[in-house]
Every structure is written in C-alpha cells, then in structure tokens.
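These notes concern the structure reproduced below.
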Amino acid sequence: MLDLKFVRANPQVVVDALAKRGNKLSLDSFLQLETERRVILTDAEAKKAQRNSLSKEVGKLKQAGQDAEALMAQVRALGDAIAVLDNRLKEVEDSLNDCLLNIPNIPHESVPVGKDDSANQEIRRFGQPPVFDFEPLNHWDIGEQLDILDFARGVKISGARFTVYKGLGARLERSVVNFFLDLHTQKHGYKEIFPPFMVNSNSMLGTGQLPKFKEDMFHIEGTDYYLIPTAEVPVTNLHGGEILEAEQLPIKYAAYSACFRAEAGAAGRDTRGLIRQHQFNKVELVKFSLPENSYAELESLTNDAEDVLQKLGLPYRAVCLSSGDMGFSSAKTYDLEVWLPGFNNYREISSCSNFEDFQARRANIRFRRSNNAKPEYVHTLNGSGVAVGRTVAAILENYQQADGSVKVPEVLIPYMGCDVIA
RNA sequence: GGAGAGAUGGCCGAGCUGGUCGAAGGUGCAUGACUGGAAAUCAUGUGUAGGGGAAACUCUACCUGGGGUUCGAAUCCCCAUCUCUCCGCCA
C-alpha cells in the first residue's frame, strides 16, 4: 500500500504512475475523504482533551466531597458528541483504507511503459534451444510413456490440474527441490525456511493477495486459513510487525513450499501437463533490504534464480515486465522464461520482484538505522528460485532422447542416483 | 476436546480494592562526566502512530485484539486469539 501522506501530497504523481499500468483511477473522492478525516479528527481530539480535563475535575470534586452532578452531565453530553464523531471517523478511515489497499504499487522509472506483455523488454538470453533429429514430444507424453507422470489418476483422486508423480518422476521432483535449496543455502547465502502452507487472512493482506485477489486462492471453509499461493506469503510475513536492526539487512531466505492456486481466470488454458496446476512445488527466495540497496538486491536475486537454470543447462531468457504486465504489489519485475521444445517457445519459470516498501507498509516491517533513530520501512523482494514443476517439464522436454528416454542433467545425477530416466 | 492460569514498554517486571498511570523498579540502549583506554561508578535521556505548530512545543490514541459499563478503564464485564499447566486424543 502507498503512504497516505504521500498520496495526499502528490496525487498527480500517483494518478500518472497508475495510468502506466492502464489503471484509470481518480483520487478526487479519496482526497475529499482525507480532508474530512482531518476535520473530524481535529474536532474529536479537541473534545476528548476537554473530556479528559473535566473528568479530572469530577474526580477532584468527589474527593473533596462536593457535588459533581452538573459537571458529570456536561461530560456525558460531550461523550455523546464524541461517539458520533468517532463513528463517522471510523467510516471515513475504513473507506480511505479500502482505497489505499486497492491502489497498486507505482512502477519504477526503469520499467518499460506498455499496456501488456507485448511491451516487455528482453534483457538477456542464456543457451541455445536444442536441435533434435527426431520429433520432440511434450513433457506430458514423455511422462506418460515413461510412467513417471500420471495425469489420469491425478484427475481421478482430486480433479483437473492435479498430477501424480511416480517412480523416477517423483524422485526427479524431489531432486530438483533439494538441488535448488542446496545451491541457494550453500552458494548464495540464503537461510532455509520451511513455512506453514496455510496462513491467516492478515498475512494474505500483508503481501497483497487480499483483499483484491481472494478468488485466486483456496480458502479453508469455516476458518481464517488460506492455502498459500507461494512461500512469499508466510516468509515475507515472518517479520511482520517487527522492527529490525540495520546490521541484520539484507536478510535472505530460501523456502520450499507447495503452492496452491485456484486459477479462477484461467479456465481452458494450459489444461494439459504440468504447466498450470492447482498444486505445485516451488523454492522461493525472499529478501528484506535497505531501501537504498533494493535495486542492486533485485539484480542479484535474479542472478541467483538464473544460476539454477544455468547449472541445469536449460536455455532461458530474462525479461523485464512492462508497467501493464506487472503484478499488483510490484515496482519492478524480471521474469525468467525457460525454453520448452514441446511449446516451441519460452514459458515463465520465475518471477523476481522488488516491492519497495509496498508490502512492508502493509505488513508493518521496519528497521532502525541506529539505536535512537526513527523506524523506517524495509524494502521487500522475492523471486522464484525456481518453480519446480515447470523445471521438471523443461528437463523432460530439453533432455529427451530419440529412444524415448530422458538424460539426467549433470548436477542432478548425485540426487537421482542415475544418469538416465528410461 | 475438557479444567485452570496468564498476556503490561527492546527485554524482565510492579500496578489490576477504577481518577495524580504512557505506566514504578530493574535491565538494555544513547549521550555526557570520570579514565592513558576500558570496566565500574555517577548524571541525563530513551516507545509507536496520528493531529496542530516555522519551531519550542502541544493535543489525541495505544498496557494482545474487538465490544461494553462509567463523568473517567492497564485496572470492572463480555467475546476472540495466543501462551502455559493438568486430563483426554493423536503423527
């Protein structure tokens, strides 16, 4: 969420920035409400100050054994007036807050302006798409032929967009998770976190999934629990409401979790294969940074995510998302897109974002530069490091061989205990 | 799931027979004095958010969260959450 004072002082900056996202938002009613808020607040606080001092008078009179009835009646009337003001104030503040929670983040100046993904900017490429001397298969065909992915039974026991991994398929999924975690914790300096897969609505509010994107998530009926759509939610909220010390920053966490997404708006898209599932695995990287370092941290975070693809030998490209294609909470996002021969195209496998203080303000995550300094908001960042299911799909498709087997990438052989899936 | 106890400032901890309590005391931290330097000691300061003010400063709110009683609530009542103990159950 944006800073109320900032919006009040720079409404045009906000409107312009949001226009870049294709968001035609008027702040007129918002600013009017904000003016009303301060008028009521000043009035209510003056009356409260009066009530406090008169109540003290009552106390003194009573202690002196004198009659305080007249004064008490006066304060009672004052109290009624305050109640009316407080009620109106709450209404105004609620709607102001509601506005703020629904305003997306302001894109960073380096973000290309455009209405959708057609304006995204390719930053760099790694590797060459493999050339096959046979007709390459989709990963779902490879998986079924090798009997390591069972889509039909996934549908039987759960429904569409659920898949069962079997044998070396299950082992491959687990190997990829372990490889990612080992690399990030041992080589890139992240601390491993294993978070809860369900969180409360307050955490969802903190990272920006709520209130706007309720439909995208699974909610446990009769409770305040949501299945996490990404480990970003529990891990970023780890420090919610805390004041960190500047020397602790940057804090770098790597977390494996299952991720659950309702995919409400994606009916009919990517229905086959592992690309779009209701449940998938992901290793997420999360950083808490000093404001002045967050863009350097975004670059290194993205590089850390790229490293896993490089070590796996998977061709990919890095893309800077345009203002119209970015997520709600993000100020700048790089997507990594892996080459999938079955699609004959690149597909998103990681998304690395700097949220600046947008999430930190919602989740109230702050730090102090020195002992008696005022707390400031940290900058939060996160990125997939990377999506596991799509990695497995990419390995199957890029490493398939003419005889139907799949070579195991060099770095995974120790995890797999074999060098080919046949 | 049943019974009971509890939640106070960075931390510990008093207050909880309602008014002088933003809250004793300790500790931590900061600044200064002392010292060749440090320790110890002494002095002073030290929560957050919001409103007003050029500033000094001042007002309001916050003692887990939400309601209520009252002229007035950290203190009384109700609800929720969490923690601890005992019992039950369970991986």
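In what follows, every chain begins at residue 1, and chains take the letters A, B, ... in the order their sequences are listed.
- Only the P atoms considered, A14(B) is 31 Å distant from G1(B), to the nearest whole Å.
- Here the P atom of nucleotide A61(B) and the CZ atom of Arg51(A) are 7 Å apart, to the nearest Å.
- Taking only side-chain nitrogens and oxygens, Arg38(A) comes nearer than 4.0 Å to OP1 or OP2 of G52(B).
- Atom CD of Glu376(A) is separated from atom P of A49(B) by 11 Å (rounded to the nearest Å).
- By the 30° and 60° cut-offs, the orientation of the rings of His188(A) relative to Tyr190(A) is perpendicular.
- If you take CD of Glu69(A) and C1' of G72(B), they are 14 Å apart, rounded to a whole angstrom.
- Here the separation of U8(B) from C21(B), taken at their C1' atoms, is 12 Å to the nearest Å.
- Nucleotide G53(B) forms no Watson-Crick or G-U wobble pair with any nucleotide shown, as no partner meets the under 3.5 Å limit on both distances.
- Ser294(A) and Ser289(A) are not linked by any side-chain donor-acceptor pair at a separation below 3.5 angstrom, with hydrogens and angles left out of the test.
- Base pairing annotation: G25(B) forms a Watson-Crick or G-U wobble pair with C12(B), both donor-acceptor distances under 3.5 Å.
- For the pair Gln50(A) and Arg37(A), nearest-nucleotide mapping onto RNA chain B gives the more 5' position to Arg37(A).
- Regarding contacts with the backbone of A49(B), a side-chain N or O of Arg366(A) is found under 4.0 angstrom from either OP1 or OP2.
- Across every strand in view, A43(B) sits in a pair with U31(B) that passes the Watson-Crick or G-U test at under 3.5 angstrom.
- Contact of Glu45(A) with G50(B) (side chain to base): a donor-acceptor pair of N or O atoms is detected under 3.5 Å.
- Closest contact between the side chain of Leu41(A) and the listed nucleotides G72(B), G51(B), C59(B) involves G51(B).
- Taking the six-membered ring for Trp and the full ring otherwise, Phe260(A) and His278(A) have centroids separated by 6.0 Å or more.
- Lys47(A) comes within contact range of no nucleotide atom at all, as no heavy-atom separation falls under 4.0 Å.
- Distance from the side chain of Lys90(A) is smallest to G67(B) among A61(B), G67(B), U48(B).
- The separation between Phe367(A) atom CZ and U48(B) atom P is 14 Å, rounded to whole Å.
- Across all strands shown, G88(B) has no partner, as no Watson-Crick or G-U wobble contact with both distances under 3.5 Å is found.
- Across the protein-nucleic acid pair, Asp3(A) atom CG and A49(B) atom C1' stand 12 Å apart, rounded to whole Å.
- For the C1' atoms, the distance linking A7(B) with C59(B) amounts to 30 Å, nearest Å.
- Atom NZ of Lys60(A) and atom P of G72(B) are 18 Å apart (whole Å).
- Of the nucleotides present, none pairs with A74(B) by Watson-Crick or G-U wobble criteria with both distances under 3.5 Å.
- Residues Ser203(A) and Asn200(A) bring a donor and an acceptor atom of their side chains to less than 3.5 Å of each other.
- The P atoms of A55(B) and A40(B) are separated by 40 Å, rounded to the nearest whole Å.
- At the phosphate of U46(B), neither OP1 nor OP2 sits under 4.0 Å from any side-chain N or O atom of Arg368(A).
- Note: CG (Leu78(A)) to P (U70(B)) measures 16 Å, nearest angstrom.
- Rounded to whole Å, the separation between the P atoms of A73(B) and C84(B) comes to 33 Å.
- Side-chain atoms of Asn105(A) and Glu356(A) form no donor-acceptor pair, as typed in the model, at a separation below 3.5 Å.
- As a whole-Å value, the separation of Glu242(A) CD from U48(B) P is 16 Å.
- Pairing for A38(B) is absent, judged as Watson-Crick or G-U wobble with the two contacts each under 3.5 Å.
- Rounded to the nearest Å, the gap between the P atom of G28(B) and that of U70(B) is 46 Å.
- The closest side-chain donor-acceptor pair between Asp3(A) and Tyr377(A), if any, does not fall under 3.5 angstrom.
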| request: Could you go through the salt bridge (Lys or Arg N to Asp or Glu O under 4.0 Å) check for Asp86(A) and Lys48(A) one step at a time? | output: CA-CA 11 Å; Asp86(A) 273 350; Lys48(A) 283 177 185 174; 3.4 Å; yes
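- Counting any heavy atom pair closer than 4.0 Å across all strands shown, Lys62(A) reaches a base atom.
- Rounded to a whole angstrom, the distance from the C1' atom of C86(B) to that of U48(B) is 39 Å.
- Checking U20(B) for Watson-Crick or G-U wobble geometry (two distances, each under 3.5 Å) identifies no partner in any strand.
- Contact annotation for Leu71(A): no contact, since no heavy-atom pair falls under 4.0 Å across all strands.
- With both ends at atom P, the span from G37(B) to U27(B) equals 26 Å, rounded to whole Å.
- Heavy atoms of Arg8(A) sit under 4.0 angstrom from primed sugar atoms or phosphate atoms, though from no base atom.
- Pairing of U83(B), defined by two Watson-Crick or G-U wobble distances under 3.5 Å, is identified with A5(B).
- In this structure, Phe213(A) has its ring center closer than 6.0 angstrom to the ring center of Phe328(A).
- Checked against A49(B), G19(B), G50(B), the side chain of Ser55(A) finds its nearest nucleotide in G19(B).
- Of the two residues near RNA chain B, Leu4(A) and Met72(A), the one whose nearest nucleotide lies more 5' is Leu4(A).
- Residue Asn52(A) has no polar side-chain atom (N or O) positioned under 4.0 Å from OP1 or OP2 of G72(B).
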